[in-house]
Each structure stands twice: as C-alpha cells, then as structure tokens.
2 protein chains.
Amino acid sequence: MSSEDIAEGSGVSAVQVRKDLSFLGAAGTRGVGYDVTGLADQLVRALGLEARHGVAIIGAGNLGSALANYQGFEARGFRMVAIYDIDSDRIGGRAGPLTVRSIDQMATDARVDDISIGMIATPADAAQFVSALVVEAGVRAILNFAPVELRVPQGVSVRRVDLATELQILSYHLVSKPEE
Amino acid sequence: MSSEDIAEGSGVSAVQVRKDLSFLGAAGTRGVGYDVTGLADQLVRALGLEARHGVAIIGAGNLGSALANYQGFEARGFRMVAIYDIDSDRIGGRAGPLTVRSIDQMATDARVDDISIGMIATPADAAQFVSALVVEAGVRAILNFAPVELRVPQGVSVRRVDLATELQILSYHLVSKPEE
DNA sequence: TAGATTGTTAATCGATTAACAATC
DNA sequence: TAGATTGTTAATCGATTAACAATC
C-alpha cells in the first residue's frame, strides 16, 4: 500500500504519512510502498499498544457510563479495568461490563490492576480535584472530558476531549459560512 | 475579568484569548478587562447558539446511546432531537430521553424538526454511507465519531472525534517519554 | 497622573508543502 | 531500463508569541 493510499483513507497528506511513519521507525520500500501487516505490527509496537494499558474511568454519570459501554477501546488495544464514583448511590451499580467502585479504592487498584490511563468524566467542578487523586495514584496519562484545563505535575500527559465545544465549533461554521 | 484570567481557565495564552475575542467582535475595555456577562452573550451570538441547533444521532449502538444519555449538549445550547438506526431490533427502543427511529425517517424529520447537525456514531464501515444520507437530508454539519475520513460535498463541515485514537496518543506518550 | 490591560503590528517559530535524489 | 514511490532537505506558509502603542 502506498503512502498515497494511506493518505486517502486517513485524511492526511501522503507526505505527512511518510514523515510520520519514518519518524516512528516504520520503513516502506521505494517504488513499492508499505507492507500493511508489517506496518500494523510496527505501529502497535511504536505506540506501545502491546502493553495493553489499563484504563480507569472516573465518574459514573451519563458520560462515564457511556464510555464504559463503548467497546471500541478494547478493540484498539486497551483494558477497561474499572469505573469509580464518589456517590454512594452509584457505587456497587453496573456500568456496562464494570461495577462502579468507590473512588477511595482507586489508589490501591491502580497498583493491583496496573492502571496507567485515567479518563475523567466528572462534572467540571470536580475534575481538578479528581485529577489530583488520579495523579497521586501513580497514573501518568489522563483523557479529560470535563470542560476545564487541568493543572498536573510535569511528566503527566493530559488530552482533552470537549464534545460540547466540538458542537459549538460546528455551530459557528453553520452561521458564519452559510454558503461555500 | 482580564484576558489573563480567561487564559488561565481555558488553557490558551492571554494574547490568543484577546485575538480570538477581537476576531469574534467581542470588545473589552483597556485597563479593565472584559465584562463576563456581556461577553457570554456576545459569544453565544457569535457562535450562533441562540439558534439552538437541532442535533440528530445516527447509530444507536453503545456510543450512540451514550451520546443520547449525555446531558451536556442541551446545557451548552443544543436541542437533541432524534436518534436513528438501521437495525429493526433497535428501532422503537429507548436511548436516554429519545426513542430510536428508523434511518428512513431522517430525511423527513430533518425538515420537520429542523435538524442541522448530525452525529455519526456508526461502525466505521457504515459511516461513509450514512454521511451521504445525512447530507442528502440537508444537514450541513457533521460530528463524526467513526474512525474514517468522510468524503462530503463542499459546504458541509465535518469534525472528527476519535476516542480510541486519543488513548493511543496517550499510550505513545507513556512509552516514549517515561520520565520528563 | 500612574497602573493596568486591550488591540494590533511585527518577529519568531513550527508545521506543512514542494521538490527531488535515492532506490526498489 | 523505465516507472513508481520512499525518505529527506529546502521553501513556504500559517500560527503563535513578543512588543508596544492606545486608552480606560
């Protein structure tokens, strides 16, 4: 498969594909392209997916339960390990394949279950507090769904996914460029 | 509130805040800062949120149902109007506050319910097909959760949210910079 | 007036694209 | 060998940052 083919399917330019693959140490063959099977293996290795990182969800509300129900994460190389909440009404209940645990257990679990990524799906006003707990538990990667910027110590990676903001950007497109 | 204050809470630089606000036509007062109430109104107007755009979810699987259950969209200026599926086992069932409708109804509904944004939460292999239906129904903004690049006609805005990819990027951070 | 903070222009930086030699 | 396609260097572009005049 050529970088051009990959570009088409992924929405980035062919040059970008070649640059990124080269950066990750995945080599193609000039005049031929990339071997897809080998490439897939190589990428799994480069992204550290063989580790099958343990993921915990914090917040068992609408979004948290939603995430627990979503099966796409396991399919893409992750172990969905636990979901936590602070509300005793929720603790013990189900969220997809998981049982909601008390947030107090997280620090212990993080070691036992080898949790390395935390997904924060709490209300905005709890997110900073919760992220501190997550970091304390030794987790060094956070996917933050709350619409706030988290302050974390150096060495902790945070990515933010703000679904409502995505919609608002689309709304802006709708009103700002009616034609085109 | 100063651009500096806004910057702190939002995770962008103060200059960026001033530039963006200025671009959107929101004016502050030199030496003083921005009036938060007025600013909020101004932004709602600039982003076209008073329209309370109608949103439809296509795909009532795990992720689609999850999105239907999430209440953050209504809170941020959107009307969650309908959820569609192609599977007759799902049609008629509940997804949060919504009843799953047949995808065949979408074209009609889009006019009646004034749907202007479509959220695609189908499996990857159905996404392109479904997006064509959405566009045909007159919807000109798409939030795509499927891990494929959609081909749409000019004038249609697409944003992609790929949750599994977000995790994979965090995974890469974990393995590539163990310290730092 | 002095202090604070916006709004904008100019300078810098990084990321994307163009171009092309290397080579299968 | 001719054609195709990678891998990388150089050129371009856009976005971010620095600097500062305007002004409340």
Side-chain angles (χ1 to χ4, degrees), chain A residues 1-47 144 147-152 154 157-162 165-166 168-170 172-173 176-177 180, chain B residues 1-47 148-152 154 157-162 165-166 168-170 172-173 176-177 180:
Chain A
M1 190 178 254
S2 71
S3 58
E4 194 64 61
D5 297 332
I6 298 173
E8 207 154 306
S10 65
V12 299
S13 71
V15 203
Q16 196 61 261
V17 168
R18 296 205 295 276
K19 247 198 181 153
D20 290 355
L21 290 181
S22 157
F23 174 79
L24 290 174
T29 308
R30 293 171 195 225
V32 180
Y34 297 87
D35 170 67
V36 288
T37 315
L39 186 58
D41 289 353
Q42 177 79 26
L43 289 179
V44 164
R45 227 169 310 129
L47 299 177
N144 177 29
V148 280
E149 188 66 13
L150 299 178
R151 299 180 157 281
V152 295
Q154 269 228 330
S157 305
V158 179
R159 290 186 66 86
R160 185 160 142 200
V161 173
D162 189 337
T165 294
E166 295 293 334
Q168 294 186 334
I169 293 169
L170 285 172
Y172 174 72
H173 288 332
S176 72
K177 47 169 190 179
E180 179 190 332
Chain B
M1 192 178 252
S2 71
S3 59
E4 193 65 60
D5 297 332
I6 298 173
E8 208 154 305
S10 65
V12 299
S13 71
V15 202
Q16 197 60 261
V17 169
R18 297 205 295 277
K19 244 195 183 157
D20 289 355
L21 290 180
S22 158
F23 174 78
L24 290 174
T29 308
R30 292 170 194 228
V32 180
Y34 297 86
D35 170 65
V36 287
T37 314
L39 186 59
D41 289 353
Q42 177 78 26
L43 289 180
V44 164
R45 227 169 312 129
L47 298 178
V148 279
E149 188 67 11
L150 299 178
R151 300 180 155 280
V152 296
Q154 267 228 332
S157 305
V158 179
R159 291 185 65 85
R160 186 160 141 200
V161 174
D162 189 336
T165 295
E166 295 293 334
Q168 292 185 335
I169 293 169
L170 285 171
Y172 175 72
H173 288 332
S176 72
K177 46 170 192 179
E180 183 185 331

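Computed from a predicted model, the values in this text were never measured in an experiment. Here is the naming used below: chain letters follow the sequence lines, and residue numbers restart at 1 for every chain.
Judged by atom type and distance alone, A/Lys19 does not reach the base of D/dT6 through any side-chain donor-acceptor pair under 3.5 Å.
A straight line from CE of A/Met1 to P of D/dA4 spans 18 Å, rounded to a whole angstrom. In this structure, A/Leu21 places its CG atom 16 Å from P of D/dT5, rounding to the nearest Å. Rounded to whole angstrom, the span from the CD atom of B/Glu8 across to the P atom of C/dT5 amounts to 13 Å. As rounded to whole Å, 14 Å separates atom C1' of C/dT8 from atom CG of B/Asp20. Atom CZ in A/Arg30 sits roughly 9 Å away from atom P in C/dA22 (whole-Å rounding). The nearest whole Å value for the distance from the CG atom in B/Asp5 to the C1' atom in C/dT6 is 13 Å. In this structure, the CZ atom of A/Phe23 is 16 Å from the C1' atom of C/dT16, given to the nearest Å. The distance from atom CD1 of A/Ile6 to atom P of D/dT5 is 12 Å, rounded to the nearest whole Å.
Checking the phosphate oxygens (OP1, OP2) of D/dT5, no side-chain nitrogen or oxygen of A/Ser3 falls inside 4.0 Å. Between A/Ser22 and the phosphate of D/dT6, there is no side-chain N or O to OP1/OP2 separation shorter than 4.0 Å. At the phosphate of D/dT6, OP1 or OP2 sits under 4.0 Å from a side-chain N or O atom of A/Arg18.
Nearest nucleotide to the side chain of B/Ser2, out of D/dT6, C/dT6, C/dT17: C/dT6. Considering only side-chain atoms of A/Tyr34, the nucleotide from D/dT23, D/dT6, C/dA18 that sits closest is D/dT6. You'll find that the side chain of B/Thr29 is closest to D/dC24, out of D/dC24, C/dT6, C/dT8. The listed nucleotides are D/dA22, C/dT17, D/dG7; the one nearest the side chain of A/Val15 is C/dT17.
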**Request:** Report the C-alpha separation of B/Arg160 and A/Glu166 in whole Å, then their side-chain angles, then the decisive distance to 0.1 Å, and conclude whether the side-chain contact (heavy atoms from CB on, under 4.5 Å) test is met.
**Result:** CA-CA 9 Å; B/Arg160 186 160 141 200; A/Glu166 295 293 334; over 6 Å; no
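Counting any heavy atom pair closer than 4.0 Å across all strands shown, A/Ala14 reaches no nucleic acid atom. Nucleic acid contact for B/Glu4: none, since no nucleic acid atom lies under 4.0 Å from a heavy atom of the residue.
No donor-acceptor pair closer than 3.5 Å links the side chain of A/Asp41 to the backbone N or O of A/Gly38. Formation of a donor-acceptor pair under 3.5 Å by the A/Asp5 side chain with backbone atoms of A/Ser2 is found in this model. Panel note: side chain B/Thr29, backbone B/Val32; no donor-acceptor pair is recorded below 3.5 Å. Checking side-chain atoms of A/Gln168 against main-chain N and O of B/Leu47 turns up no donor-acceptor pair under 3.5 Å.
Partner assigned to C/dC20 is D/dG7, using Watson-Crick or G-U wobble distances below 3.5 angstrom. Nucleotide C/dC13 forms a pair with D/dG14, judged by Watson-Crick or G-U wobble geometry with both contacts under 3.5 Å.
Nearest-nucleotide positions on DNA chain C place A/Gln16 closer to the 5' end than the other of A/Val32 and A/Gln16.
Here the NZ atom belonging to B/Lys19 is positioned 13.0 Å from the OG atom belonging to B/Ser3, to the nearest 0.5 angstrom.
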